[in-house]
Amino acid sequence: QKTNTQKFGKGLFNLIGKDSTWSMKIGLRFQTLATSNWEIHHGLSNPASSMMIRRSRLKFDGFAYSPKLKYKVELGLSNRDLSGASKYTGNAPRYILDAVLKWNFSGNFVVWFGQTKLPGNRERVISSANLQQVDRSLLNSRFTIDRDMGVQLRHHFKLTNRFLVKEVFSISQGEGRNITTGNIGGHQYTTRIELFPFGDFANKGDYKGSDLKFEPSPKLSLGFVYDFNNNASKTRSNQGSYMTNDTGFYVTNIATLFIDAMYKHNGFSLMAEFANRTAGDAFAKNADGSLTGDVVQVGNGLNLQTGYLLSKTLEISGRYTNISLDKVITGKGAENQYTLGLSKYISGHQLKVQTDLSYTDIGFKTNQLLYRLQVDIHF
Amino acid sequence: QKTNTQKFGKGLFNLIGKDSTWSMKIGLRFQTLATSNWEIHHGLSNPASSMMIRRSRLKFDGFAYSPKLKYKVELGLSNRDLSGASKYTGNAPRYILDAVLKWNFSGNFVVWFGQTKLPGNRERVISSANLQQVDRSLLNSRFTIDRDMGVQLRHHFKLTNRFLVKEVFSISQGEGRNITTGNIGGHQYTTRIELFPFGDFANKGDYKGSDLKFEPSPKLSLGFVYDFNNNASKTRSNQGSYMTNDTGFYVTNIATLFIDAMYKHNGFSLMAEFANRTAGDAFAKNADGSLTGDVVQVGNGLNLQTGYLLSKTLEISGRYTNISLDKVITGKGAENQYTLGLSKYISGHQLKVQTDLSYTDIGFKTNQLLYRLQVDIHF
Amino acid sequence: QKTNTQKFGKGLFNLIGKDSTWSMKIGLRFQTLATSNWEIHHGLSNPASSMMIRRSRLKFDGFAYSPKLKYKVELGLSNRDLSGASKYTGNAPRYILDAVLKWNFSGNFVVWFGQTKLPGNRERVISSANLQQVDRSLLNSRFTIDRDMGVQLRHHFKLTNRFLVKEVFSISQGEGRNITTGNIGGHQYTTRIELFPFGDFANKGDYKGSDLKFEPSPKLSLGFVYDFNNNASKTRSNQGSYMTNDTGFYVTNIATLFIDAMYKHNGFSLMAEFANRTAGDAFAKNADGSLTGDVVQVGNGLNLQTGYLLSKTLEISGRYTNISLDKVITGKGAENQYTLGLSKYISGHQLKVQTDLSYTDIGFKTNQLLYRLQVDIHF
C-alpha cells in the first residue's frame, strides 16, 4: 500500500487538514560538499581537503487554524548546522533554525513572532537551498545579521500599477539564534525597504539565485536596510562572539547598513550587495578602561555576482567580493575574492551539482585557491 | 496532489497500518516565550528580559503489532529541551524525552518499560502542552522526580459504580533521563495511588490544566505518592546535580512525598499539591567525613492553583506557591510566589496565548517581579 | 480521517511521488536495554547495572528524480547514538549517521557519494536493527572501520549461473563520521570482494542476523576486505581518538584486513570474522621522537557466531570472540568472550526481545560476567 504524493522536489508531504483548518508542507534536504584548497606561494603549496555533509534540514511550513496564521519550523541536522553550542545556548546544539508564527492580522499587514531570519542582507535571506554558487560570499560571513528572536511587522503596497514596495520593521533580542541566557544590553532594531519598479518576480525569484524562470521582461529589486543594535555585546552585532570583560559584558551601539539589488532577465541574473558596519566604540574594554582584546568588526563589504544560463539547466557564474574591515581597529588587511562557478540544475534547485573555483587575495597573508564541489538534493 | 488529514490540533498524521497491525499519531509543537523581570527595591530595578523558543517537541504514539502494545516517543527540539549535556549523558544533548513501551498483558494491568515520566507529582505529569499558566510552579522545579528509565506496573479498578482507583508502582534507575553511565547507588521505587470518588474526568481532564470541557458535575481526583531513592547521589533525588566526592559519589537515601488534588466543575478548576523531601543524611561527605559542599535539597513545598473560564476561550487563573527548604541544611530562606494569569484558548490548548505576572517574596534576598507572555501551537 | 499505510514493521510511510518521480520509506525504531554486570572474584562481586535507550533512529530512503538515483538518510536520536561530540565535530552531537546518494550510472555499476558505512567487516554492515544477539561483538568494537565521508564504486556480476560476485572500492576521508575539521594526513582506500558460490540469499539475508527465512538450500557468502588508511591519525584507523602531538597530529599508515563469512540453511546460521590491523609505526611520537603515549591498536580478532531457530520465532545463539592486540605495543592482554543468547522474534527483527549472558576472560584483569536484556521495536 503506497501513499501517493506530489512530484519530486515539492516536499515529502503537502498535508491539508480536514475542513481546511490547517496545512503543512514537510521538506528534507542535504548537501554533500567536497573542498580542496591551497596556499599560493611558489606555485600551489600546503594542500588541504575536506568532505562533509554541509547542510541537512527538515522543514515544516503552512497555515494553522486559519489561512491568516502561517508558521515555519526549520531544523538543522548536520554538524555544521548544529555547531555553536556554548553556555549561552544551554550547552546544547543549535537545532532549531526557524520557529515562527506569521499573522496576517489586517490587510497587507503581517506580524511575525518567533525565531527566524532578520530582514537583513538579501544574500542571507536567499535560502541556502537556492544559491547560485556553492555557498554564500565572504560579505555574508562577515556582515550578516542572520537570525534572531523577536517581532517583525511586514507590509507591502503598490506605488503605481507596477511599482511594488515592501517594508519590514523588526525588534529583536539582538543576541542571535538559540540563546537561552536572555538579552544582554539593549534590543536590535532593523528596517528594510524593498522597491520593485518593474513589479514582482516570477516564483519569488527576488530571493532565489539564478534566473531559472527566464524572466521575459527585466525585473529589478532594490533593498535598503538599516540595523541598530543598542548596547550590543557581540563582535558582529548579533553574530560573532560575546565580548566578555571583568564585569560581565562590554556593550556598545553597533549599526549595520545594507544596500542590495537583484536583477533578472531572460536567464541573466545580477546580485549586488554593499555592507557597512560601525560601532560607538569598537574596542572592548574592562571597567577600568583597559582593553579586553575583543574588537567590533567594523568596515565595509561589497559583493557583485552574476550568472548566465547557457541552457535551461547549465549556468556559469562569476563573483567578486571585497572585504575592507577597518585596518586600524581590526588589524586585518583587505580581502578580494574572485569566484568562477558552474551549476548543473538537474531538477532546478532540488537536485543540482555545483562547483566553483575561488582565488582570494588577502592583505598581510598568503593568497589562497579554493576548489569546491557540491551535490544538493531537496525533497 | 494533497493528503487529506484530520482537523487542526489532532496530529500531523493519524496512521493506521494495513490490517490494523499498528497505529501512529505524529504531533509537532512549539512555544514562543517572552519574559521581563525586575528586582523590587526602591521601585522596580535591574530589569532583564529574554525571548526564546521555550519548548518544541516531536511526538509519536500509538500501538504496535497488537492494540495491547502501545508506545510513545517524544523528542525535544529547543535548546532548553536539549540542555543538560554532561559526561553522564555521553556529552550529548538530551534529545529523547520519552521512549516507552506499554503492554496490557492482562485485564486492567499494564506494564511500562523504557524512559518516561515517573508517577510523581500531578503538575509534572500534566503535559507542558496542557498547562493552565505559562509554566509550571516552583514546587515542580524544586521537588519533581520527572523522568527516569525503568519499569512501571499500572492497574485500575472500580471501588463502587462511580469510585475509581488507579495504582502505579515503579522501579527505576534513579538517575534521571538520558543517562549513559549507568546506575549509581541503588534503584528508585515510586508508588502512586489515585482516587476518583466521582468517577473519571471528561477527556483525561485530571491531567490537563483548565476545565475546558466544563464538567457538568463536580469531578475530583486525589493523588498520593511515596518515592524512595535508595542510595541516591543527586541533590534532588533523581534530579539536580550529582554529589561527587573524593571516592566517586556521595550516596544517601532520599524520600519524596507528594499529595495532590484536581477538582473541576463547570469551568472552575483547582489544583493543589504538597511536597516533602527528606534524606538519610543531607550533607554530602568525603570518605573522611569532611563536607563536599553539596546538600540534598530537603524541605516542603505547597502549590495552590485555581482557574475560572470567563467564556469558552478566556480564563483567569491565580496561583500561590510556598517553598520552604530546610533553612539550617540548605541555607535558603522561604519563597512565596503569587501569580495572576490570563489565558486565551483560541483553539483549546492547541493554539493559545498565555500571560502571567508573578510576585516572588524570597527570604534573605531581594523580591522579584516577573512578567511572561507565551504563544503555543500544537499540530 | 485516517491514513492507511502498510503493515507493522514496513516503515511509517512508503511514499511514491506523482509520475513516480521519487519514493521514500520512513522508518523509526528504538531499543531499550537493561544490563547487569559483575566481576568474578571469589564468586560474583562489584555488581553494576544500567538501563538506557540504547539506540533510536529515524531513517529515510528511496529514489529521487529517477529510479537510478537512490538515497539514504539515517539520524541517531539516543544519547549513545549522538555521543562523540568534540572540537572535530563542531562541538555538536553526531546526529547524522548516513546521508548518501547512490547513482546507478551504468549497467551493474553504482557510485555512492556521501557519508555512510564503509565496505568493512560484515558484522558492522549488518544493521543494528537486524542483529542476532543483543549487540555486536568485541571484534567489531576494536577493529571496525564503520562510517566515513567519501565515494564508493560498487559492481556485481555472475561468474556462473549461480556464482555471484560483488566488488566495492572506496576512497574516503579516513577520519570517521561527522568531522567538520577536514582531512588530516592522507585518504583511506577500502576494497571488499564478496563471493556467493550458491547464489544470493533470500531477503538480503547475507546482511541479517538469524536465518528467519529458513533458506531451503545452503547459502554462503565469503568476504575479503583490505583497507589502507594513508597517514592516518586515529588510534583505530578512522576510529578511536586522534593522536595529537606537539606539532599537531602524529600520522602513520594503518592497514586493516577482514575475512568474513555468512552461512545459512534451514534455520541454522553461522557468521565468522577474522580481523587484523597493522601500522607503519604504532607508537605516536612528537617531532623530537619522544612518545606521546598514544598507540595504534594493532593486533588480531576472531569472532565465531552461530544460531539455531528452535521455532519460527525462538532462537538460541552462541558466540566466541577472541581479541589479541599486540601485547608489547598496546600493553593489553588477550580477551576471550563467550556469549549465550536467546531471541524471541515476536514479529521478526521488527519486534523482538533478546537476552544474552557473556563471560569474559581478560588477560591481566579480573574476569567479568555480563547479563543483558533488550527490547527492539521498528516501525
Side-chain angles (χ1 to χ4, degrees), chain A residues 1 3-7 10 13-24 26 58 60 62-66 69 71 73 75 82 85 87-96 98-101 103 113-115 148-151 171-175 177-184 186-187, chain B residues 1-13 15 17-19 26 28-37 47-56 58 75-86 89 91-95 346-348 350-351 353 373-379:
Chain A
Q1 193 119 354
T3 305
N4 289 307
T5 180
Q6 50 289 328
K7 288 181 75 168
K10 302 293 182 191
F13 299 98
N14 270 310
L15 306 174
I16 296 289
K18 201 180 164 185
D19 307 333
S20 288
T21 46
W22 64 290
S23 76
M24 181 177 284
I26 304 182
L58 197 54
F60 307 84
F63 70 83
Y65 184 68
S66 150
L69 183 66
Y71 65 90
V73 175
L75 307 174
L82 294 169
K87 62 179 174 175
Y88 307 109
T89 68
N91 287 312
R94 303 195 303 162
Y95 194 56
I96 294 177
D98 299 286
V100 62
L101 292 173
W103 181 31
F113 182 45
Q115 176 176 294
D148 212 312
M149 275 298 306
V151 181
I171 302 181
S172 59
Q173 192 166 243
E175 312 296 323
R177 68 180 177 99
N178 300 67
I179 295 294
T180 56
T181 46
N183 188 28
I184 291 163
H187 286 82
Chain B
Q1 192 118 355
K2 304 291 187 179
T3 304
N4 289 308
T5 182
Q6 50 288 328
K7 288 181 74 167
F8 173 69
K10 302 293 183 190
L12 306 186
F13 300 98
L15 306 175
K18 201 179 164 187
D19 307 334
I26 305 183
L28 176 71
R29 61 186 166 100
F30 69 94
Q31 301 180 334
T32 308
L33 170 69
T35 65
S36 293
N37 55 294
S49 73
S50 174
M51 286 190 278
M52 69 169 91
I53 304 301
R54 175 62 183 86
R55 291 181 182 91
S56 181
L58 197 54
L75 307 174
L77 310 179
S78 81
N79 279 62
R80 277 288 294 268
D81 288 339
L82 294 170
S83 67
S86 72
T89 68
N91 287 313
R94 304 195 304 162
Y95 193 57
I346 299 166
S347 177
Q350 278 65 56
L351 180 62
V353 182
L373 174 68
Q374 188 163 270
V375 181
D376 260 82
I377 188 161
H378 311 162
F379 296 94

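A note on names: the letters A, B, ... follow the listed sequences, proteins ahead of strands, and every chain is numbered from 1. Remember, it's a predicted structure, so these values are computed and weren't measured experimentally.
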Give, as side chain, backbone, both or neither, the part of [X] having an atom under 4.5 angstrom from any heavy atom of chain B.
| X | answer |
| --- | --- |
| A/N178 | both |
| A/V100 | backbone |
| A/I26 | side chain |
| A/I179 | backbone |

Original post:
Quick one: does A/L69's side chain get under 4.5 Å of B/L351's, heavy atoms only?
Top reply: yes
Original post:
Looking at side-chain heavy atoms only, is the closest gap between A/T21 and B/Q6 below 4.5 Å?
Top reply: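 Not touching, per the 4.5 Å side-chain cut-off.
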Pick whichever of [options] has the most heavy-atom pairs under 4.5 Å with chain B.
| options | result |
| --- | --- |
| A/R177, A/Q115, A/M24 | A/M24 |
| A/A99, A/G182, A/S20 | A/A99 |
| A/S23, A/S172, A/A64, A/G114 | A/A64 |

Original post:
Hey, is CZ on B/R80 packed in by over 12 heavy atoms from elsewhere, all under 6.0 Å?
Top reply: no
Subject >> B/F379 ring center within less than 6.0 Å of A/Y71 ring center >> reply: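 Yes, the ring centres sit under 6.0 Å apart.
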Heavy-atom distances under 4.5 Å only: say whether [X] touches chain A with side chain, backbone, both or neither.
| X | answer |
| --- | --- |
| B/A85 | side chain |
| B/L77 | both |
| B/S56 | side chain |
| B/L28 | side chain |
| B/I377 | side chain |

Can you name the closest pair of heavy atoms from [X] and [Y] and give their distance?
| X | Y | value |
| --- | --- | --- |
| B/S83 | A/G90 | CB-O, 3.4 Å |
| B/N79 | A/T89 | ND2-O, 2.9 Å |
| B/L82 | A/A92 | CB-CB, 3.7 Å |
| A/H187 | B/M51 | CD2-CE, 4.3 Å |

Subject >> Option that, when pairs with chain A are counted at under 4.5 Å, heavy atom only, ranks first among B/S347, B/G84, B/P93, B/S49 >> reply: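 Result: the option with the highest number of such pairs is B/S49.
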**OP:** For chain A, find which of B/M52, B/K10, B/K7 contributes the most heavy-atom pairs closer than 4.5 angstrom.
**Re:** B/K7
**OP:** Apply ring-ring contact (aromatic ring centres under 6.0 Å, His included) to the pair B/Y95 and A/Y95, showing each step before the final yes or no.
**Re:** CA-CA 10 Å; B/Y95 193 57; A/Y95 194 56; 5.4 Å; yes
